Amino acid sequence: SHIPIVCWGLKDDADVEWSLCDLSDRLRMSGWLVPAYPMPADMQDTTVQRVVARADFSMQLAIKLVEDMKKEMDTLNKAKFVTGNTQGVIQTALKTPCITQVLGAAHGIKGVLEDKLYDMAQEDPAELDLMKYTPSSALGSCRYKMADPDVDDTDYKRILEIFKKYNVRYFFYNGGNDSMDTCNKISKYMQKVGYECRVMGVPKTIDNDLFGTDHCPGYASAAKYIATSCMEVYQDARVYDTGMICIIEIMGRHAGWLTAAAALATEYGAGPDLIYLPERDFDMDKFLADVERVYKEKGNCMVAVSEGIHYADGSFVSEAKTSATDGFGHAQLGGLAARLADVVKQKTGAKVRGIELSLLQRCAAHLASETDIEEAVMAGRAAVENAVAGITDKMVAFERGTVNGRYACKTKLLPLTEVANAEKKVPQEWINAEGNGVTHDFIDYALPLIQGEPKLPKEDSLPRFARLKKVLAK
């Protein structure tokens, strides 16, 4: 009745320049999910890999895994490596000989403008290891839109001043559409003024709307949280012998990738009956008819809606749309679930509950996808390795494939100009004809991304997140 788990590590005297994390990345490209884990605090310098040998793990598969491991280790042995046993941009950069100092900007580009940069070499390596299990942004983020340098180059001159002060020759900026816009503008300005600095964008957005990449780091974990939460709400909404209509509001201003993830819950029998994405115009009368029909048929109804659903004239359904905008001029949405719940209650007389997942969907590390975490590290490593190799003005992207019939992912590079401010939306053909659900094409797309359960570090049964010292650079 027990599931055997096989673990292994590198010998202490192993004469190799690669780590088990590197081997894990290579195996992923061959379709295998064989994660590498740091051991607990008393053995934190030791990293192991593991395989869970479930019932369907045949001898044929085991032989194939060993063969692929030998092949990938041979590839690694022949490669010129710039990384030791470190993860992501910061750790890869710290181990790269030609990079003499690694600086982390406080709150994104604002940290550069304000000369608030952290010396990442002062951080405990064990704390840096914890960053991939820590939600949100360890160094902080910002909402700051830089002007067109041809109109106002004040910020760019300041950035160039800071770059020269610290002799910055590599610049890595992670985030979504707006961050890639910032990255692109800085890259082009540095080229224009003749300052040698290799600029690379690293994707990181739960919105999953960056152009040209199959998916974005962060999305899969948020999608997994959304699907799980819907399955849990589904159970609770059926506790009483009276019916209930639940309306769940999910993030997504112009792209419905996050809300579509609720369909994963439906696929496994405990999710929304109706799903509405901003890729289709919203019709209130049709929405009310859909809800009434499901409620009469089932006695209950669950609905998932993107915060950015809009009418045919482009106006947001959300009553909070006029309250404020962020630093990029985007409407600050919210209150949609409550508004729709009120309308549905007046129409049906049923018990209705509006639920807004809000910030929880983007910081739920306890439901992270192991695939997502490992691919995020892979993207950061690829950014550094390509920059050191002389490449600039690109964003790291993911390309999906299959190896031996299994999902596989590898990195590719896209010009920043193509990515900046371009949005990737849910394909129209993945939305059903009624506009109130998604097709199985979306399930096939999303399901491989949410696979795997990371071994999350705990402290007295609570999550142990990274605690950075944030020592200012001199």
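On a predicted model such as this, the values are computed, not experimentally measured, just so you know. Atom set for the values below is all heavy atoms of this structure, side chains included, hydrogens, waters and symmetry mates excluded.
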- Message: Can you tell me how far apart CG (D178) and OG (S141) are? Round to the nearest 0.5 Å.
- Response: 10.0 Å
- Which pairs, with at least one residue in residues 207-220 and sequence neighbours excluded, count as a salt bridge (Lys or Arg N to Asp or Glu O under 4.0 Å)? D214-R400
- Task: Nearest 0.5 Å please: distance from the OG atom of S358 over to the CD atom of E249.
- Result: 8.0 Å
- Counterpart residues, salt bridge (Lys or Arg N to Asp or Glu O under 4.0 Å), relative to E399 (two or more places apart): K410
- Task: Specify the closest pair of heavy atoms between D372 and S221, including all atoms of both residues, with the distance to one decimal.
- Result: OD2-OG, 2.7 Å
- Query: Does atom CD of E434 have more than 12 heavy-atom neighbours, drawn from other residues, nucleotides or ligands, at distances under 6.0 Å?
  - Reply: yes
- Any salt bridge between D124 and K469, counting N to O under 4.0 Å? no
- Message: Any side-chain to backbone donor/acceptor pair from D441 onto Y445? Under 3.5 Å, distance only.
- Response: no
- May I ask you to test the E279-T259 pair for a side-chain heavy-atom distance under 4.5 Å? no
- Message: Closer than 3.5 angstrom, by distance alone: can the side chain of E307 be matched with the main-chain N or O of I250 as a donor-acceptor pair?
- Response: no
- Message: According to salt bridge (Lys or Arg N to Asp or Glu O under 4.0 Å), who are the partners of K470, at least two apart in sequence or on a separate chain?
- Response: none
- Could you give all pairs that pass the ring-ring contact (aromatic ring centres under 6.0 Å, His included) test and reach residues 358-411, with sequence neighbours left out? H215-F398
- Item | Sequence-distant partners of K64, side-chain contact (heavy atoms from CB on, under 4.5 Å), two or more places apart | W32, E67, D68, N404
- Task: Return the set of residues passing salt bridge (Lys or Arg N to Asp or Glu O under 4.0 Å) with K204 (not counting sequence neighbours), or none when no residue passes.
- Result: none
- Task: Grab the two heavy atoms, one from F172 and one from A383, that are nearest each other, plus how far apart they are.
- Result: CE2-O, 3.4 Å
- Item | Distance, nearest 0.5 Å, that separates CZ of R198 from NZ of K394 | 14.0 Å
- Task: Count the heavy atoms belonging to other residues, nucleotides or ligands that lie under 6.0 Å from NZ of K188, then report whether that count exceeds 12.
- Result: yes
- Item | Close side-chain approach of Q91 to V377, heavy-atom, < 4.5 Å | no
- Task: Verify, without hydrogens or angle tests, whether N184 (side chain) and A420 (backbone) share a donor-acceptor contact under 3.5 angstrom.
- Result: no
- State, with a plain yes or no, whether a side-chain heavy atom of L277 is found less than 4.5 Å away from one of V438. yes
- Message: Could you check whether any side-chain N or O of E375 sits under 3.5 Å from a backbone N or O of C409, counting only pairs where one atom can act as donor and the other as acceptor?
- Response: no
- Task: May I have all residue pairs that pass salt bridge (Lys or Arg N to Asp or Glu O under 4.0 Å) and include part of residues 217-240, sequence neighbours excluded?
- Result: K224-E453
- Task: Taking the side chain as every heavy atom from C-beta outward, state whether V396 and L413 have any atom pair closer than 4.5 Å.
- Result: yes
- Message: Counting only heavy atoms from other residues, nucleotides and ligands, does the tally under 6.0 Å from CZ of R464 exceed 12?
- Response: yes
Could you give the side-chain donor-acceptor pairs of residues 267-276 under 3.5 Å, partners two or more places apart or in another chain?
unit_1, atom_1, unit_2, atom_2, d
E267, OE2, H440, NE2, 3.0
D273, OD1, K298, NZ, 2.5
D273, OD2, M302, N, 2.9
Y276, OH, D290, OD2, 2.8

- In chain order, what residues pass the side-chain contact (heavy atoms from CB on, under 4.5 Å) check against E297, with sequence neighbours excluded? R293
- Query: Under 4.5 Å between any side-chain heavy atoms of I186 and F171, yes or no?
  - Reply: yes
- Query: To the nearest 0.5 Å, what is the distance between CG (N177) and OG1 (T205)?
  - Reply: 6.5 Å
- Message: With a 4.5 Å cut-off on side-chain heavy atoms, are L416 and M180 touching?
- Response: yes
- Less than 4.5 Å apart, any side-chain heavy atom of E123 and any of I90? no
- Only counting residues at least two apart or in another chain, list the ones meeting side-chain contact (heavy atoms from CB on, under 4.5 Å) with F211. E418, A422
- Does some side-chain heavy atom of D393 sit less than 4.5 Å from a side-chain heavy atom of V199? no
- Are the side chain of R362 and the backbone of A222 linked by a donor-acceptor contact shorter than 3.5 Å? no
- Message: Taking ring-ring contact (aromatic ring centres under 6.0 Å, His included) as the definition, give me every residue that meets it alongside Y234, ordered by chain and number, with sequence neighbours left out.
- Response: none
- From S229 OG over to L360 CG, what is the distance, rounded to the nearest 0.5 angstrom? 7.5 Å
- Within the side chain of S369, is there an N or O that forms a donor-acceptor pair under 3.5 Å with the backbone of L449? yes
- Atom pair CD1 (I248) and CD1 (I355), whose distance is rounded to the nearest 0.5 Å: 5.0 Å
- Item | Charged N-O contact under 4.0 Å between E370 and K455 | no
- Message: Which residues pass the side-chain contact (heavy atoms from CB on, under 4.5 Å) test with P427, not counting sequence neighbours?
- Response: W257, E429, W430
- Message: Could you check whether any side-chain N or O of E127 sits under 3.5 Å from a backbone N or O of L468, counting only pairs where one atom can act as donor and the other as acceptor?
- Response: no
- Query: Between C246 and M244, what is the shortest heavy-atom contact and its length?
  - Reply: SG-SD, 3.4 Å
